[in-house]
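So the structure is just underneath, and the comments pick up after that.
Quick note on labels: first sequence line is chain A, next is B, and so on, each numbered from 1.
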2 protein chains.
Amino acid sequence: MKQQAVDDRRLLALPALLLGGAGTLMQAIHEGVEQRGFTGVRPAHGFAFVRLAPDGASIAEVAEHLGVTKQAASQLVEELLRRGYVRVEPHPRDARAKLVTLTERGWACTRAADEAALEAVRAWAGELGVDRVEELAADLARVARPGRLRPLW
Amino acid sequence: MKQQAVDDRRLLALPALLLGGAGTLMQAIHEGVEQRGFTGVRPAHGFAFVRLAPDGASIAEVAEHLGVTKQAASQLVEELLRRGYVRVEPHPRDARAKLVTLTERGWACTRAADEAALEAVRAWAGELGVDRVEELAADLARVARPGRLRPLW
DNA sequence: CAGAATCGACAGTTTCCTTGACTATTTTAG
DNA sequence: CTAAAATAGTCAAGGAAACTGTCGATTCTG
C-alpha cells in the first residue's frame, strides 16, 4: 500500500500535462490554420473534416462523430457549406440523407491543419528526438481509446 | 529531404492521439467526479479550482487563469458560491477586490477529481507500466509549455 | 404492407461567453 | 498631495452554439 501511494504521486502529474499539452497543440493548430489563410475555422470544423475526409459522410454520421445532436451537426455543415469547405449532394443510396464531402478548399484546409500540427510536433522532435516522440505516440495509442473525437467534454 | 518526409509521416500520428487522449481523460475525470457525488461541476470549474487551490484568488485572477473575461469569471464564481464550493470575502489588501477561496466541499471536489484522474492513469500504468507512464509525463513536461490551462476554444 | 426507425429541418430555449457602460477603489504623475 | 489613469467587479444586452421537441419524408423490419 505504501508503494501504491508512491506510485500515485509519480502518476499524478500526467493528467495536467496531457490536458495542457493538448490545449497548447490545439491552439497551435488553430493559429497555424488561420495564418495559412483559412479564417473562421473552429476546431470543431477540423474534427468534422476528419470524418468527411475519406469519402464524405451524412449529417447524422458527422453528428455521431462529434458527439453532438443532428441539429448541431446540420448547422455546422451549413456553415461549412457557406464558407466553401464542403459540398452537399443527395445521398446516392438514401433519399432521406445528404452526402457531405470536402471541396478542394476543404482539402486544402485539411492539409494546412496537418502542416500546422506537424510544425508543432517537429519542434517537439527537435527537443526530444524523433524516436522519443514516436514512442510517445505509441504509448498514447495503447491507452487512448479513440472514442468520440469530441471538441470538448 | 526524403528523410524529412519519412520523419513527418512518423510524427503525424501524435496530434490526433494527444487530442484524443486528452479528451478521453477529461471525460473520465468528469464522470468520476460526478460518480463521487459532485454534480453539475463542469471542467471549467475544475480548472478554476486549480487556481483557487493554494491561497485563493481574486475574480480577475481567475479570469486571467481561464482566459475569459472578468464578467464570465464573475458569473462562474457566483455559480460555485451557490453550489457551496467556494467562499467569497472582501480582499484583505484591496477594497475593490474579492478573495475567492475553496470551502471544504471545494477541497473535497478537488480531491475527487484527483482520484478520478488517478484512476484513469492507473489503468494506463497497468497497461504500460509505471516507469513508461512516468517517461510519458517527463516527455510531455518538456514540450508542453503550460500556457493558460484553458478548457478551450 | 403496416408500423417502427431514421434522416434532416424548423422553431424555441438554454447555457455560456462576449461587449459596453458604470461605480468604487487604488496607483501613478505632475 | 491631488488629479488623472488604471484596475476590480457588476449590470445589462446580445450573440454563438449547443440543446429539446416536433415534424414530414424515406427506409427498414416483421
Side-chain angles (χ1 to χ4, degrees), chain A residues 23 26-27 30 34 39-49 51-52 55-83 85-101 148-153, chain B residues 23 26-27 30 34 39-49 51-52 55-83 85-101 148-153:
Chain A
M26 194 144 52
Q27 188 77 20
H30 185 239
E34 268 197 338
T39 58
V41 180
R42 287 176 290 125
H45 298 152
F47 289 116
F49 287 178
R51 182 64 182 82
L52 298 174
D55 300 297
S58 71
I59 288 183
E61 285 167 338
V62 171
E64 165 68 16
H65 178 73
L66 296 179
V68 299
T69 58
K70 287 186 297 179
Q71 291 87 331
S74 181
Q75 232 174 286
L76 188 143
V77 165
E78 195 193 347
E79 192 182 339
L80 290 176
L81 180 63
R82 273 203 319 274
R83 292 179 187 274
Y85 292 109
V86 303
R87 82 178 61 85
V88 179
E89 300 154 310
H91 198 291
R93 313 184 99 81
D94 188 337
R96 296 169 302 178
K98 295 177 173 181
L99 182 61
V100 186
T101 53
R148 253 188 229 94
L149 196 52
R150 285 206 76 178
L152 44 102
W153 45 79
Chain B
M26 195 144 53
Q27 188 78 17
H30 184 240
E34 269 196 340
T39 58
V41 180
R42 287 176 292 123
H45 299 152
F47 290 117
F49 287 178
R51 183 64 182 80
L52 298 175
D55 301 298
S58 70
I59 288 183
E61 285 166 340
V62 172
E64 165 69 16
H65 178 71
L66 295 179
V68 299
T69 58
K70 286 185 299 178
Q71 291 89 328
S74 181
Q75 242 174 277
L76 187 143
V77 165
E78 194 192 349
E79 192 182 339
L80 291 177
L81 180 63
R82 273 203 319 272
R83 292 179 187 273
Y85 292 109
V86 302
R87 83 177 61 83
V88 179
E89 300 153 310
H91 198 290
R93 314 183 98 81
D94 188 337
R96 296 168 303 179
K98 295 177 172 182
L99 182 61
V100 185
T101 52
R148 248 189 233 95
L149 197 50
R150 284 206 76 179
L152 90 93
W153 71 66

Inset, instruction - Round to the nearest Å and state the distance from Glu89(A) atom CD to dC7(C) atom P. - result: 19 Å
Inset, instruction - Taking only heavy atoms on the protein side, list every residue of residues 69-79 of chain B lying under 4.0 Å from any atom of DNA chain C, sorted numerically. - result: Thr69(B), Gln71(B), Ala72(B), Gln75(B)
Legend entry - Nearest-angstrom distance from the residue atom CZ of Arg83(B) to P of dT15(C): 10 Å
Legend entry - Whole-Å distance separating the CD atom of Glu64(A) from the C1' atom of dC7(C): 14 Å
Inset, instruction - For Phe47(B) and dC16(C), give me the distance from atom CZ to atom C1', rounded to whole Å. - result: 16 Å
Legend entry - First encountered from the 5' end of DNA chain D, between Arg93(A) and Leu99(B): Leu99(B)
Pairs under 3.5 angstrom only: tabulate donor-acceptor contacts from the side chains of residues 69-82 of chain A to other protein residues two or more places apart or in another chain.
unit_1   : atom_1 : unit_2   : atom_2 : d
Thr69(A) : OG1    : Ala72(A) : N      : 3.3
Glu79(A) : OE1    : Arg42(A) : NH2    : 3.3

Inset, instruction - Ignoring backbone atoms, test whether Arg96(B) places a side-chain nitrogen or oxygen under 4.0 Å from the OP1 or OP2 oxygen of dT10(D). - result: no
Inset, instruction - Over all heavy atoms of both residues, which pair between His30(B) and Pro43(B) is shortest? Give the atoms and the distance, please. - result: CD2-CD, 4.1 Å
Legend entry - Euclidean distance, atom NE2 of residue His65(B) to atom P of dA8(D) [Å, nearest integer]: 17 Å
Inset, instruction - Output yes when a side-chain donor or acceptor of His65(B) lies under 3.5 Å from a complementary backbone atom of Phe47(B), and no otherwise. - result: yes
Legend entry - Lys98(A) NZ - dT26(D) P separation (whole Å): 13 Å
Legend entry - Heavy-atom side-chain contact between Thr101(A) and Val86(A) under 4.5 Å: no
Inset, instruction - Let me know the distance between CG of Leu66(A) and C1' of dA17(D), rounded to the nearest Å. - result: 13 Å
Inset, instruction - Provide the closest heavy-atom pair for Asp55(B) versus Leu99(B) in the form atom of the first, atom of the second, distance. - result: O-CD1, 4.2 Å
Legend entry - Glu61(A) vs Arg51(A) side-chain heavy atoms within contact, under 4.5 Å: yes
Legend entry - Whole-Å distance separating the CG atom of Asp94(A) from the P atom of dG24(D): 19 Å
